[in-house]
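Here is how names work: the chains are called A, B, and so on, in the same order as the sequence lines, proteins then strands, and each is numbered from 1. In this text the structure is predicted, and so the values were computed from the model without any measurement.
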Amino acid sequence: MKFIIQSTDRASSARAGTLETAHGKVQTPIFMPVGTAANVKAVHLPHLVDDVKAQIILGNTYHLYLRPGVDIIRQAGGLHRFIGWDKPLLTDSGGYQVYSLTEIRKLKEEGVTFQSHIDGSKHQFTPENVVDIQRKIGADIIMAFDECTPYPCEKDYARNSMEITHRWLQRCFDRFNSTGPLYGYEQALFPIVQGSVYPDLRKKSAEAVSSFEADGNAIGGLSVGEPHEMMYEMTELVCDILPHDRPRYLMGVGTPANILESIALGVDMFDCVMPTRNGRNGMIFTRDGFMNMLNNKWKDDFSPLDEEGTSFVDRQYTKAYVRHLFKSGEVLGGMIASLHNLAFYLWLAGEARERIIAGTFSSWKDQMVRKVTTRL
RNA sequence: GGGGAGAUUCCAGAGCGGUCAAAUGGGGCAGACUGUAAAUCUGUUGGCGAAGCCUUCGGAGGUUCGAAUCCUCCUCUCCCCA
């Protein structure tokens, strides 16, 4: 895997680059739509390609392992073939589920025992089998198995958790390096920085992660409820330490403003459920602000959904119509909003990239952050 | 013509002497959602306000310390039999 930095912003740490994977190039900064269960919820593949202009999407080890099961994906010839997606793919390791499914899991040195949220059956994830599973899934980028700590988090807990994540990281790399890809193309393993909101822990973790000289590095454990300023402070601190010539991936972030601010801090890759989940729940993000389509004020607004939007739904449908769909509980509402929001997120990342190259990123970013945080 | 049931806050529908501004559901209004156990969840829904007060349960009277709840009459709806 190769990462080439084309351009670096003068007024910030933002950079524009190209990540080359076995399934093609990714222009960074990039937003990666989340496709947890082998699909980006409510979005057809052709739309994901032609309208959203997605370059890389995510899958999730935990979900795919439980359903349809790794054997089915293996039989299909890997996740790319199973989905019908021939562009880059990234799988998360299940580390986030260690956080979000805290009620039905037990964490030990060896790994984590889970109860399936589907049928309650018991399973174990270890750094080794998570790598094995991700080999079978066959994503271009696979993630190390970590614990995503909650917020707030006691420092002792955060330290212990970080240390176990580091030990797991070594085991992930050991397994990764002693096995090979199953489908004839290269995979990259990204380690994940933890340390909650403690600067000294974050620094230590970033150094530990850097020592692996991985193809790319991720920042985890943020955007879990901490104040934005704390998130930016941690991101900045970690970005300074992580190798400058490798892509940096801020996991689970975030709002359009979060993404812009983090690009300025040197982050190259993002993923978040917000455009799709909030979209299904009636929220539309635009470059002028965000709208709750359920709100009464749109009931007789027959203007296009988003005059400046880049996807076909933006001019195909009116605000009043989309509101009607959401009020009626029609599935199409969520489909329209998901498509629109993802197209907007991809536009935002692409525009940021162009501004970085043009040398006008910082002033544009400040202006966009103001607009994008406005409730319409 | 005979017999029966009923009218409750936006709707449906509980309540059947005080603990009722009135259950519950729907609808309405608003909020939340950040590596997806989410096409989900939460709040609110008579009027002013901080506790509190004021006007409400078809209409008019009445009984009672006290009535959505009991009595009388009126108006209107629905059902069954002719």
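- A/G252 comes within 4.0 angstrom of a nucleotide base, judged by non-hydrogen atoms across all strands.
- A distance of 14.0 Å separates CD1 of A/I73 from CZ of A/R81, quoted to the nearest 0.5 Å.
- Nucleotides B/G25 and B/U44, compared at atom P, are 13 Å apart to the nearest Å.
- Under the Watson-Crick and G-U wobble criteria, each requiring two contacts below 3.5 Å, nucleotide B/G18 is paired to B/C65.
- Residues A/M162 and A/Y157 fall into different hydrophobic clusters, defined by Ile, Leu, Val, Met, Phe, Trp and Tyr side chains chained together at heavy-atom separations under 4.5 Å.
- The aromatic rings of A/F114 and A/Y62 are tilted relative to each other, their planes meeting at an angle between 30° and 60°.
- Less than 4.0 Å separates RNA chain B from at least one heavy atom of each of the following residues of residues 224-248 of chain A: A/H228.
- Side-chain N/O atoms of A/R277 include none lying less than 4.0 angstrom from OP1 or OP2 on B/C41.
- A gap of 27 Å separates the P atoms of B/A23 and B/A32, to the nearest Å.
- Looking at heavy-atom distances under 4.0 Å, A/N60 makes contact with sugar-phosphate atoms alone, never a base.
- The side chain of A/K297 contributes no N or O atom lying less than 4.0 Å from OP1 or OP2 of B/A30.
- Heavy-atom neighbours of A/H44 NE2 from other residues, nucleotides or ligands within 6.0 Å: at or below the threshold of 12.
- Comparing the C1' positions of B/A14 and B/U69 gives a spacing of 13 Å, expressed to the nearest Å.
- Between A/R246 and A/D215 there is no salt bridge, since no side-chain nitrogen of the basic residue lies less than 4.0 Å from a carboxylate oxygen of the acidic one.
- The phosphate of B/C29 has OP1 or OP2 within less than 4.0 Å of a side-chain N or O from A/R323.
- Ring geometry for A/F145 versus A/F125: interplanar angle over 60°, hence perpendicular rather than tilted (30 to 60°).
- Taking every side-chain heavy atom of A/N292 into account, B/G31 is the closest of B/U34, B/G31, B/U36.
- Interface remark: the A/S100 side chain does not form any donor-acceptor pair with the B/U36 base, using a distance-only criterion of under 3.5 Å.
- Nucleotide B/C78 forms a pair with B/G4, judged by Watson-Crick or G-U wobble geometry with both contacts under 3.5 Å.
- Residue A/K299 is classed as having no contact, given no heavy-atom separation below 4.0 Å to the nucleic acid.
- Within 4.0 Å (heavy atoms only), A/Q194 reaches at least one base atom of the nucleic acid.
- Relative ring orientation between A/W347 and A/F344 is described as parallel, the plane-to-plane angle staying below 30° on a 0-90° scale split at 30° and 60°.
- B/C16 sits 34 Å from B/A82 when the C1' atoms are compared, rounded to a whole Å.
- Side-chain N/O atoms of A/N295 include none lying less than 4.0 angstrom from OP1 or OP2 on B/C29.
- Residue-level contact check: A/I118 touches neither bases nor backbone, having no heavy atom under 4.0 Å from any strand.
- For the pair A/H117 NE2 and B/U40 P, the interatomic distance rounds to 15 Å; values are reported in whole Å.
- Using Watson-Crick or G-U wobble geometry with both donor-acceptor distances under 3.5 Å, B/A30 finds its partner in B/U42.
- Taking the charged nitrogens against the carboxylate oxygens, A/R202 and A/E236 have no contact shorter than 4.0 Å, which rules out a salt bridge.
- Taking atom C1' on both B/G17 and B/C65, the two are 12 Å apart, rounded to the nearest angstrom.
- Checking the phosphate oxygens (OP1, OP2) of B/G35, no side-chain nitrogen or oxygen of A/Q97 falls inside 4.0 Å.
- Between A/T255 and A/G329, the one whose closest nucleotide on RNA chain B sits nearer the 5' end is A/T255.
- Distance A/I284 CD1 to B/A32 P: 16 Å, rounded to the nearest Å.
- For the P atoms, the distance linking B/U34 with B/U42 amounts to 16 Å, nearest Å.
- A salt bridge is absent between A/R15 and A/D9: the closest approach of a Lys/Arg side-chain nitrogen to an acidic carboxylate oxygen does not fall below 4.0 angstrom.
- Atom-to-atom, CG of A/D271 to P of B/U36 comes out at 7 Å; the value is rounded to the nearest Å.
- As rounded to whole Å, 15 Å separates atom C1' of B/U34 from atom CD of A/E261.
- In terms of phosphate contacts, A/N281 brings no side-chain nitrogen or oxygen within less than 4.0 Å of OP1 or OP2 of B/A32.
- Counting distance only, with no hydrogens placed and no angle test, the side-chain atoms of A/N296 and the base atoms of B/G28 include no donor-acceptor pair under 3.5 Å.
- When the options A/D140, A/D271, A/I141 are evaluated for a side chain to side chain contact (heavy atoms under 4.5 Å, CB included) with A/I56, the one that passes is A/I141.
- Here B/G35 presents its C1' atom at 15 Å from CG of A/L89, a figure rounded to the nearest Å.
- The same atom, P, is picked in B/G13 and in B/U19; the two are 25 Å apart, to the nearest Å.
- Heavy atoms of A/T276 sit under 4.0 angstrom from at least one base atom.
- The side chain of A/C272 sits closest to B/G35 out of B/G35, B/G31, B/G28.
- If you check every strand for non-hydrogen atoms under 4.0 Å, A/L222 touches nothing.
- Residues A/G254 and A/M335 each lie close to RNA chain B; by heavy-atom proximity, the contact nearer the 5' end of the strand is made by A/G254.
- The same atom, C1', is picked in B/U8 and in B/C76; the two are 16 Å apart, to the nearest Å.
- Nucleic acid contact class of A/R67 (heavy atoms, under 4.0 Å, all strands): none.
- Regarding contacts with the backbone of B/U34, every side-chain N or O of A/S223 stays at 4.0 angstrom or more from both OP1 and OP2.
- Across the protein-nucleic acid pair, A/M283 atom CE and B/A38 atom C1' stand 15 Å apart, rounded to whole Å.
- Nearest to the side-chain atoms of A/K327 among the listed nucleotides B/A32, B/U34, B/C29 stands B/C29.
- With salt bridges taken as basic N to acidic carboxylate O contacts below 4.0 Å, one links A/D200 and A/K155.
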